[in-house]
Each structure stands twice: as structure tokens, then as C-alpha cells.
Amino acid sequence: QVQLVESGGGLVQAGGSLSVSCAKSGRTFTRHVIGWFRQAPGKEREFVASISWSGLNTYYADSVKGRFTISRDNAKNTVYLQMNSLKPEDTAVYHCAAKRDVPSTYYVTSKLSEYDYWGQGTQVTVSS
């Protein structure tokens, strides 16, 4: 089993920056793709970013490309999402997710259904 715990959310003004983290525990020796998703009130959960288990490949939703950066430190079993130039529409609960059984070193995915483990989420609120 894998447990994921997000941290670092909070309140920030539009144009500001915030970093959220995802700490992975349990079967930490297993290679996982990690994804960040977000869910705003009344909306479906949507893809934000994904990083391969090697950290060599990343993939972003168009809405965050150029503003958000996903990275990972496998020695610490932690994945980070640095969010810059935040907008009110970025307000949501941010969840990290892990996918096991990764087919390649560079594999990333935006498909919610492919992820096997989910964290409880951390609230990010951007005020205008």
C-alpha cells in the first residue's frame, strides 16, 4: 500500500506564489508516476501536472503551463508543485495521486482513472 499526504496549501493573493508538497509513504521503493489534480467546488476533478518516476519527464495541463512546475525528490519520497502567477480560477483542493505498474522511465499520464492511490488534498485559495 501507498499513502500520500499533501501539505502547503493556503491563501494567497492573485499573482502570488505557493508551493504544495506530496509525501509518499508505504511501499516507497516502488516506482510511481505522480500526478497533481485539483477540484473546485461544483466542478469535476481535473488534471494539473504529472511527473515520471525518474523525474525526467513532465506533463502539464494547458491552463497551468508556464506557471506551475512539478518536481520530485525520490530520496525524500516527496513531489512538489510550485505554483506561480496564481489566478483566482486556480482556487481548488489539490490532490496528489500515484500510479503503479509504470511501463517506462518517461511515462506520464493525465488520466485520472490510471492512478491507484490518492491523497486527501490540500486547499489552495487565490483571492482577487
field: Distance-only donor-acceptor check, side chains Asn84 and Ser17, under 3.5 Å
entry: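 The answer is yes; a qualifying pair exists.
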Between the main-chain N or O of [Y] and the side-chain N or O of [X], is there a donor-acceptor pair closer than 3.5 Å?
X	Y	value
Glu114	Thr109	no
Arg31	Ser52	no
His32	Lys99	no
Ser54	Thr105	yes
Arg67	Ser85	yes

message: Assigning hydrophobic clusters by single linkage (Ile, Leu, Val, Met, Phe, Trp, Tyr; side-chain heavy-atom cutoff under 4.5 Å), is Leu4 placed with Ile51?
response: no
- prompt: Transitively linked via ILVMFWY side-chain contacts under 4.5 Å: Val102 with Tyr117?
  reply: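 Unlinked, Val102 and Tyr117 end up in two clusters.
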statement: Closest non-hydrogen contact found for Ser19 with Gln82 is CB-OE1, 3.4 Å
query: Do you know which two heavy atoms are closest between Ala98 and Ile34, and how far apart they sit?
result: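 Minimum heavy-atom contact is CB-CD1, 3.7 Å.
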Sequence neighbours excluded - ring-ring contact (aromatic ring centres under 6.0 Å, His included) pairs with any residue from residues 34-75: Phe37-Phe47, Phe37-Tyr115, Phe37-Trp118, Phe47-Tyr59
field: Derivation and outcome, salt bridge (Lys or Arg N to Asp or Glu O under 4.0 Å), residues Asp62 and Lys65
entry: CA-CA 5 Å; Asp62 288 343; Lys65 200 174 296 181; 3.1 Å; yes
For [X], salt bridge (Lys or Arg N to Asp or Glu O under 4.0 Å) partners two or more places apart:
X	answer
Asp116	Arg100
Glu89	none
Lys43	none
Arg45	none

- request: Would you sort out whether Lys87 and Val126 count as a side-chain contact (heavy atoms from CB on, under 4.5 Å), showing the intermediate values?
  value: CA-CA 6 Å; Lys87 305 174 182 179; Val126 184; 5.5 Å; no
field: From CA spacing to verdict: side-chain contact (heavy atoms from CB on, under 4.5 Å), Ile70, Val79
entry: CA-CA 7 Å; Ile70 188 171; Val79 174; 3.9 Å; yes
task: Show which residues join Leu11 in its hydrophobic cluster (side-chain heavy-atom contacts under 4.5 Å, direct or indirect), or state none.
output: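 When side chains under 4.5 Å apart are linked, Leu11 ends up in no cluster with other residues.
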